[in-house]
Enquirer: 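Submitted below is the structure of interest, expressed as structure tokens.
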Amino acid sequence: MRLNTEPDTDWKSIFQFWREKGEVLPLKVVKSSWSAEAGHFLIVERVQIKKWPYGDAWVHYHWRGVPGEKNEKINQAGTYTWKGL
């Protein structure tokens with residue numbers, strides 16, 4: 001069951017968006033359960049692939065548009081719950 005309000009959106013993993021964008025960083029993404037309109041998103045700053053399509057991602061989190069910690073390694077980067085912004 002998806003929690004997002006956009007059922008037609010093709011949610012992907014952070015690694016899929018990274019590859020689609022030509023493996024160029026930074027990359028801005030939002031999780032399906034977050035509100036991008038409220039300023040909740042991540043800036044992906046580093047990606048390390050272990051075995052495609054999984055790996056690790058380090059991000060800069062923004063809450064209500066205010067930057068948080070930089071270079072934070074996140075969990076669930078390989079889940080299909082992300083959308084590029």
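Because the structure is a prediction, the values reported are computed rather than measured.
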Enquirer: Quick one: closest heavy-atom pair of Ser13 and Ala77, and the distance?
Expert: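 Heavy atoms of Ser13 and Ala77 come nearest at CB-O, 3.6 Å.
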Enquirer: Hydrophobic clusters here meaning ILVMFWY residues chained together by side-chain heavy-atom distances under 4.5 Å, can you tell me if Trp58 and Ile43 are in one?
Expert: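 Result: no, two separate clusters.
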Enquirer: Compare every heavy atom of Tyr80 with every heavy atom of Pro53, then report the nearest pair and how far apart it is.
Expert: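 That would be CG-OH, 3.9 Å.
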Enquirer: Excluding sequence neighbours, so at least two apart, what forms side-chain contact (heavy atoms from CB on, under 4.5 Å) with Val29?
Expert: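 Val29 satisfies side-chain contact (heavy atoms from CB on, under 4.5 Å) with Ile14, Leu27, Leu42, Val44, Trp82 only.
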Enquirer: Enumerate the side chain to side chain donor-acceptor pair (under 3.5 Å) contacts for residues 17-29, please, sequence neighbours excluded, ordered by first and then second residue.
Expert: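 As it turns out, the side chain to side chain donor-acceptor pair (under 3.5 Å) pairs with a partner in residues 17-29, which skip direct neighbours, are Lys12-Glu20, Arg19-Glu23.
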Enquirer: Could you check if a side-chain atom of Leu25 sits within less than 4.5 angstrom of a side-chain atom of Val47, using non-hydrogen atoms only?
Expert: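 Yes, close enough: below the 4.5 Å cut-off.
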Enquirer: Kindly write out the residues that satisfy ring pair (Phe, Tyr, Trp, His ring centres under 6.0 Å) with His62, not counting sequence neighbours, or none if the list is empty.
Expert: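 If we apply the ring pair (Phe, Tyr, Trp, His ring centres under 6.0 Å) test to His62, skipping adjacent residues, the hits are Phe41, His60.
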Enquirer: Residues two or more places apart in sequence or in another chain: which of them pass side chain to side chain donor-acceptor pair (under 3.5 Å) with Gln76?
Expert: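 Gln76 satisfies side chain to side chain donor-acceptor pair (under 3.5 Å) with Lys31 only.
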Enquirer: To the nearest 0.5 Å, tell me how far Lys83 NZ sits from Trp11 CH2.
Expert: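 Between Lys83 NZ and Trp11 CH2, I get 4.5 Å after rounding to 0.5 Å.
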Enquirer: Would you say His40's side chain and Arg64's backbone share a donor-acceptor pair under 3.5 angstrom?
Expert: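 Present.
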Enquirer: Can you name the residues that form a side chain to side chain donor-acceptor pair (under 3.5 Å) with Lys50, not counting sequence neighbours?
Expert: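 For Lys50, the residues satisfying side chain to side chain donor-acceptor pair (under 3.5 Å) (neighbours in sequence not counted) are Asp56.
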Enquirer: Among all residues two or more places apart in sequence or in another chain, which pass the ring pair (Phe, Tyr, Trp, His ring centres under 6.0 Å) test with Tyr61?
Expert: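 For Tyr61, the residues satisfying ring pair (Phe, Tyr, Trp, His ring centres under 6.0 Å) (neighbours in sequence not counted) are Trp34.
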